[in-house]
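Just below is one structure, and these are the notes that go with it.
What you see is a predicted model; the values in this text were computed from it and never measured. Any value given below was found using the heavy atoms of this structure, including those in side chains, with hydrogens, waters and symmetry copies removed.
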Amino acid sequence: MCAESHRGMLPLERRIRSMMDTILSGSPELGAAEESGLMLHDTEAILHEVMEELGDTEVQWQSHELIERIHTACRNRGETGLLDAIDQLISWPVDESVNDSAMKLVTDRIAHFSGTQVFESAIANSYLGDLWPVHGGLTPTQPFRFLERRIEVESHTENEDSIHLIGDRVVSEIEWVAGSLVVSGALEELSSLPPQDGRHRWDLLQARIRGYIEAQQQSPQVIWEVPALARIPSGQLFADPMHQERHEIEIRHLCESAQLLIRVPLPIPASTRLMLAECLRGSVPVRICSEQHPRPVLVAGRLDGDPLAVRAICQRVMAFDHVADHGISIPWREDWNQAKNLSTPLWIASEKSNPLEFIDYLLRNSLQSVRIPAIGIESREVALAYKAARKLISKITRRRGGGWNRLEELLAAVAISPRLLASTAQRT
């Protein structure tokens with residue numbers, strides 16, 4: 001095998017080896033035999049057989065597909081011990097509650113299997129979701145997915161390889177998000193290419209992502225963030241009117257084929273209001289946010305019900321920490337660790353949830369080894385501003401004008417960040 005092809009197979013080979021390690025670690029007898037070197041030849045033969053069966057290393061193989069091939073290779077070679085270990089691996093204990101050891105067991109498997117859109121994650125989600133005490137108040141219900149995610153990518157007009165890089169990045173993030181995935185940066189330079197070339201690249205990018213989403217059972221909304229104003233080239237003080245006009249034409253075209261989040265300055269210029277009004281009347285919903293309100297890169301979840309669900313939140317913190325430390329090719333690792341180090345609120349709770357019960361739980365557990373999550377409390381005013389902004393945008397869409405000054409006030413109110421529930425000194 002040449003060096004180039006060997007390097008191309010390394011990621012897939014590492015993933016299969018990680019699964020084999022998980023299988024061996026799940027059985028003390030097999031693990032002891034492997035450590036003594038008695039099974040080294042057999043596991044290498046199984047690995048070789050699985051790699052030969054897969055063939056194409058460019059395919060995004062799901063974990064259950066790899067497990068099935070490992071199972072087949074073990075059966076072909078009469079490895080009854082490994083077959084029993086695999087059966088044990090994909091079965092979950094029946095407990096009356098979710099304790100920390102059970103949570104770690106589930107998380108270990110997810111970390112080694114590298115991904116969440118797979119059968120073992122579906123089992124884990126069902127197992128944990130049925131046992132946690134609160135359902136309606138804690139979202140998302142899938143414990144290994146974030147509610148919201150925002151990523152930065154390069155412009156799809158930058159070069160011919162950009163659409164492939166952007167597509168790979170978006171696809172790698174989709175399986176970790178339950179609600180919405182906001183992609184920022186891809187639509188920053190809409191007028192830098194001739195319209196025909198730019199739209200052709202955009203169609204190819206959309207087709208790649210749409211094909212992946214349609215193959216999944218559950219996928220988040222993919223929302224493309226675009227600035228309402230064209231970027232001013234370096235060395236210029238003002239935007240070129242022709243440049244801005246082409247930029248707005250492309251936004252009008254894009255809003256017919258994708259969900260857009262249009263980033264506007266406050267106050268909103270008159271010409272931008274006209275463009276927004278046309279986009280709002282389109283067939284695909286359009287969202288609006290202010291430039292002064294950057295969306296968080298991660299929102300792990302929301303709690304709008306029973307504050308006792310904070311125990312489940314603490315267990316999810318532990319799970320995400322473990323996946324970030326031990327998982328392979330985790331796309332959100334850097335953002336998660338940065339938010340953790342800065343005590344950025346990763347969970348949002350409404351003010352109507354009783355914060356005193358949150359604080360009581362955090363204080364009682366602050367001396368334990370569990371890491372206390374950073375929870376932000378969203379004020380009633382912000383929640384009301386969200387609702388009022390949605391209603392006002394709907395009215396603007398129907399009556400084709402008016403209400404823009406009030407919308408600017410609401411967008412500014414929405415930009416108020418949630419306050420941190422507890423001080424960082426109370427976190428372990």
[X] [atom1] to [Y] [atom2] distance, which is reported to the nearest 0.5 Å:
X      : Y      : atom1 : atom2 : answer
Ile268 : Asn405 : CD1   : CG    : 9.0 Å
Leu204 : Ile209 : CG    : CD1   : 11.5 Å
Arg390 : Ile288 : CZ    : CD1   : 13.5 Å
Asn337 : Asp321 : CG    : CG    : 7.5 Å
His156 : Ser162 : NE2   : OG    : 9.0 Å
Arg273 : Leu280 : CZ    : CG    : 13.0 Å

[X]/[Y] ion pair, N-O < 4.0 Å:
X      : Y      : answer
Glu152 : Arg169 : no
Asp325 : Arg333 : no
Glu378 : Arg302 : yes
Asp168 : Arg208 : yes

Full working for ring pair (Phe, Tyr, Trp, His ring centres under 6.0 Å) between Trp332 and Phe146: CA-CA 10 Å; Trp332 44 266; Phe146 300 107; 5.0 Å; yes
Val299 vs Leu346, test: side-chain contact (heavy atoms from CB on, under 4.5 Å). Steps then yes/no. CA-CA 5 Å; Val299 176; Leu346 291 167; over 6 Å; no
Determine yes or no for a side-chain-to-main-chain donor-acceptor pair under 3.5 angstrom, with Glu408 supplying the side chain and Pro267 the backbone. no
So if I apply the side-chain contact (heavy atoms from CB on, under 4.5 Å) rule between Val382 and each of Ile348, Ile416, Ile377, which one comes out positive? Ile416
Would you check, one step at a time, whether the test side-chain contact (heavy atoms from CB on, under 4.5 Å) holds for Val286 with Ile393? CA-CA 10 Å; Val286 173; Ile393 288 175; over 6 Å; no
For the residue pair [X] and [Y], establish whether any side-chain heavy-atom pair is separated by less than 4.5 Å.
X      : Y      : value
Leu66  : Leu12  : yes
Leu303 : Trp347 : no
Ile223 : Leu260 : no
Asp335 : Arg149 : yes
Ile70  : Met20  : yes
Leu47  : Arg17  : yes
Glu248 : Ser271 : yes
Ile151 : Val170 : yes

For a quick test of reading the model, state the closest non-hydrogen atom pair linking [X] to [Y] and the distance between them.
X      : Y      : result
Arg145 : Glu175 : NE-O, 3.7 Å
Val264 : Ala228 : CG1-CB, 3.9 Å
Ala374 : Leu420 : CB-CD1, 4.1 Å
Ile251 : Pro227 : CD1-O, 3.5 Å
Ser155 : Glu188 : OG-N, 4.5 Å
Leu205 : Gly167 : CD1-N, 3.7 Å

[X] atom [atom1]: more than 12 heavy-atom contacts under 6.0 Å:
X      : atom1 : answer
Glu256 : CD    : yes
His326 : NE2   : yes
Glu334 : CD    : no

Take Leu54 and Arg69 through the test side-chain contact (heavy atoms from CB on, under 4.5 Å) and record every step on the way to the result. CA-CA 8 Å; Leu54 294 175; Arg69 284 161 174 79; 3.0 Å; yes
Could you walk me through whether Arg287 and Glu225 pass salt bridge (charged side-chain N to carboxylate O under 4.0 Å, His left out), step by step? CA-CA 9 Å; Arg287 305 184 186 189; Glu225 184 178 295; over 6 Å; no
Ring centroids only, cut at 6.0 angstrom: are Trp336 and Trp176 within range, meaning strictly under it? no
Modelled atom types, side-chain donor and acceptor of Arg150 and Ser184, under 3.5 Å: yes
Check against side chain to side chain donor-acceptor pair (under 3.5 Å), Ser191 and His243: CA-CA 7 Å; Ser191 57; His243 189 63; 2.9 Å; yes
Phe144 and Thr107: CA distance, side-chain angles, deciding distance, side-chain contact (heavy atoms from CB on, under 4.5 Å) verdict: CA-CA 9 Å; Phe144 296 102; Thr107 307; 3.8 Å; yes
Checking salt bridge (charged side-chain N to carboxylate O under 4.0 Å, His left out) between Glu189 and each of Arg246, Arg231, Arg201, which is the one that passes? Arg231
